[in-house]
Amino acid sequence: MTTDLIRRRDIDQIALLTLANPPVNALGRAVRQKLAALASELEADDSVRAVVLTGEGRVFVGGADIGEFDRPPEEPHLPDVIAAIEAARKPWVAALNGAALGGGAELALGCHYRIFAKEARLGLPETALGLIPGAGGTQRLPRRIGLAPAIEVITAGRTLSANEAQDAGLADRIAAGDLIAEAQAFARTLDGPLPQPAGAASLADPGPAFWEEARARIAKAARGNPAPVAALEAIHVGVAEGFAAGLRAERETFLRLRGSDEAAALRHLFFAERAAVRPAALRGIEPAPMARIGVIGGGTMGSGIAAAIAAAGLEVTLAETGSDALEAGLTRVRAIFEAQVTRGLTDRAGAADRLARVSGTVGLGPLAVCDLVIEAVFEDLAVKRRVFEDLTRLCRPDAILATNTSYLDPERIVAGLPNPDRFIALHFFSPAQVMKLLEIVPLAATTSRTLATGFALAARLGKIPVQAGNGEGFIGNRILKRYRAEAEALLFAGASPAEVDQAMRAFGFGMGPFEMQDMAGLDIAFRAREAARAQGQDLPEGPGDRLVRAGRLGRKSGGGWYDYAPESRQPHPSAEVAALIAPLVTPRPRPSAMEIAERLIGAMAEEGQRICDEGLAQGPADIDLVEVHGYGFPRHKGGPMFHTARKGPTRAGGPACPGPTNADPRKGGAAPT
Ligand code: 3H9
């Protein structure tokens, strides 16, 4: 009921308003209506001297209701509600019990005073949704904390802790104990004139060079998302033309971006990511404990998985076959933590704590005490099978045993072994301490408890879990195979590797398919094709095969799809490759950059649709999550399924997936694609 969305309780002439709109006290229409009504009611109520505004639960206000952004804006608009509060003759004190984000931060900025709980924080993450703050954030924040810090908070979506907010002059105090009691006591002391509103301050214009440098730097970091630069422009208007003009520019830009493809794509991912973390089918199912985890194999993958586990605060034992291999694995783990210190992801003490949670063992014996063991050894059926035979003898019958295989059939790895209910495939992506994606593949006998443990591990490690059926390449590598085949087909149509790569960079990928193959090495996929041929599969000889046979394995051999000067990562178009491809080209109009990108994305979407039709993915949104979090698909394009459905099929046979919508499927809307 709307009357419950904000509770009012008056004590000693101080009105306490508690926003109670779970899960995050979002400022949906009914909340805005209620807040606007309360603002005028309180203004007229002579029994009230001051107002304390807080939120129920762990969040102050998580922002505007993102679910409303697919509909036209509805009155009362948030900027007007905030303006009414700011213009009140009585002091409003925001008591920040938790995160104040987006519209929540703007609401707090519109109040006359702000008191932070220790764990409270304030941020404007709108650009991550393809938007800019739309209720005064681009104008009030710079006037409160200064231009340069505000530009960083807004365009990079950085969140300020309570201490940082206090240092920046945003927090009037940080509560030492009971936030509400302290805020009420603070409100009782207020009887002088109200502080000047943010809009009364003007900002010195640092001049054109400042804005040009900022624009270039922010555009580069945004990688195709137009929102951060648009936020900068709104701030600029406010500096150059004043507060009122800045607010008008902000509102206009916010409304324009709200309807953009990029914002729709980012909202789609927002809801898809949250749906992926808590699958409805596993609600109420208790996962196995994860007090101690074992990882077998100290190579790049195993050491990355061990580092990710330790970084999440869990104990991990890394097992190898010999002491040299173990030492090499532990050295890799140490190097990962050192790199994290260099990049500011943790400090020295944090890295030492992480390392202290990693132990090593030669042989599998000490893994007997583990609740969960993840195997990441050489991609060879017999080797992996032996590991699982040993583990089933060694571990408790209820310990969860996972394989990290990419291409082998996990059923064959564990066939006939006892207690098959606890086997599962957990497919990490390299580097595992960085990549967000975790494909979770239940086998025929896997129970819900085992599956729930995979999801619980993902949540603990901060990964995005996607459940995949047990088909070759699961979801991601199957689409990758198709993507690469289409990229080669484009060569036959007359495009050069450089043109294909350039088109995909322009689309928003960090790297094109040929550069990527050169970096990873062409020989791995070649060996897989040769193995398939040996088993009788009819795979025609492609240009990739010819390159490997000519000794061009990628960067590591000095040449692949490109030439590389010794010690250089810089690719140069290769005459040898051009000569090799030339006889295969069928003369026809060469594809444009846009056609190249659309063909490659279309191929991904087609394969994704097939995977859905075969029941190997839970839905198109999961295909998008795999591509965005595992393969560098640009976030602001939403993933191949979202992009293709929004643009419509571009060629005959394009995927027939339902049109995308951002309605949250769990709230009665259609599925988000
Ligand atoms: C904005 O404010 C624009 C304004 O500038 C201008 C307006 C004019 N709306 O993340 P969680 C749902 S743009 C609707 O797992 P946590 C979420 O889908 C907004 N729903 O929780 C999930 O639903 P379910 C700027 C929202 O405790 C549930 O809440 N704000 C919203 O780990 C729990 O979410 C942001 O970008 C929302 N705003 O983290 C902040 N937020 O339970 C976005 C969440 O059905 N939100 N939901 O799966 C967050 O960052 C986190 O949710 C937060 C809590 C840190 C608040």
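What you see is a predicted model; the values in this text were computed from it and never measured. Read the numbers this way: they start at 1 and go in the same order the structure lists the ligands and their atoms. Counting from 1, the numbers follow the sequence of the chain as shown.
A distance-only check finds no donor-acceptor pair linking the side chain of K436 to the backbone of G630 [under 3.5 Å]. Under the 3.5 Å distance criterion, the side-chain polar atoms of D371 are left unmatched by any main-chain donor or acceptor of A288. In this structure a side-chain-to-backbone donor-acceptor pair under 3.5 Å is missing from Q184 to L16. Between the side chain of R114 and the backbone N or O of V93 there is no donor-acceptor pair closer than 3.5 Å. One N or O on the side chain of R460 and one on the backbone of A312 form a donor-acceptor pair closer than 3.5 Å. Under a 3.5 Å cut-off, the side chain of N97 and the backbone N or O of G57 do form a donor-acceptor pair.
Close approach of ligand 1 to G102 is summarised as follows: ligand atoms under 4.0 Å from at least one heavy atom of the residue are 2 (O), 25 (C). Close contacts between ligand 1 and P23 involve ligand atoms 28 (C), 29 (O) [criterion: under 4.0 Å to a heavy atom]. Near R251, meaning under 4.0 Å from any of its heavy atoms, are these atoms of ligand 1: 8 (C). Atoms of ligand 1 found under 4.0 Å from any heavy atom of R58 (numbered from 1 in listed order, with element): 27 (O). If you number the atoms of ligand 1 from 1 as listed, the ones under 4.0 Å from a heavy atom of G63 come out as 2 (O). Atoms of ligand 1 lying under 4.0 Å from any heavy atom of E126, numbered from 1 in the order shown and given with element: 1 (C), 2 (O), 3 (C), 4 (C), 5 (O), 13 (S). If you number the atoms of ligand 1 from 1 as listed, the ones under 4.0 Å from a heavy atom of E106 come out as 4 (C), 5 (O), 6 (C). Atoms of ligand 1 found under 4.0 Å from any heavy atom of P133, numbered from 1 in the order shown, are 5 (O).
At under 3.5 Å, not a single nitrogen or oxygen of V24, backbone or side chain, sits near a nitrogen or oxygen of ligand 1. Remark: ligand 1 and F69 share no N or O pair separated by less than 3.5 Å (distance only, no angle test). Remark: ligand 1 and P79 share no N or O pair separated by less than 3.5 Å (distance only, no angle test). Among the atoms of G134, some N or O lies under 3.5 angstrom from an N or O of ligand 1.
The environment of CD in E41 is crowded: more than 12 heavy-atom neighbours from other residues, nucleotides or ligands sit within 6.0 Å.
For D65, heavy-atom contacts with ligand 1 shorter than 4.0 Å involve the backbone as well as the side chain. Neither the backbone nor the side chain of R258 has a heavy atom within less than 4.0 Å of ligand 1. At a heavy-atom cutoff of 4.0 Å, ligand 1 is contacted by no atom of H77, backbone or side chain. The proximity of P125 to ligand 1, defined as any non-hydrogen pair under 4.0 Å, is limited to the side chain. If you look at L129 next to ligand 1, the close heavy atoms, those under 4.0 Å, all belong to the side chain.
Not a single heavy atom of E68 lies less than 4.0 angstrom from ligand 1. Residue contact annotation: R121 has a non-hydrogen atom under 4.0 Å from ligand 1. Residue-ligand proximity: A99 is placed with every non-hydrogen atom at 4.0 Å or more from ligand 1.
With respect to the salt-bridge test (charged N to carboxylate O, under 4.0 angstrom), the residues E106 and R140 do not qualify.
Between the choices L107, L27, V277, L101, the shortest heavy-atom distance to atom 53 (C) of ligand 1 belongs to L101.
The only member of L426, T447, L457, L372 that meets side chain to side chain contact (heavy atoms under 4.5 Å, CB included) when paired with I400 is L372.
For the pair R267 and F271, the NZ or CZ position fails the cation-pi test of under 6.0 Å to the six-membered ring centre and within 45 degrees of the ring normal.
With sequence neighbours left out, the ring-ring contact (aromatic ring centres under 6.0 Å, His included) criterion links F429 to H427, Y631.
Contact annotation: the side chain of V466 never approaches that of H629 to less than 4.5 Å [non-hydrogen atoms, C-beta and beyond].
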Below 3.5 Å, can you tabulate the donor-acceptor pairs from side chains in residues 147-159 to any protein atom, sequence neighbours excluded?
unit_1 : atom_1 : unit_2 : atom_2 : d
E152   : OE2    : R158   : NE     : 3.1
T155   : OG1    : I151   : O      : 2.7

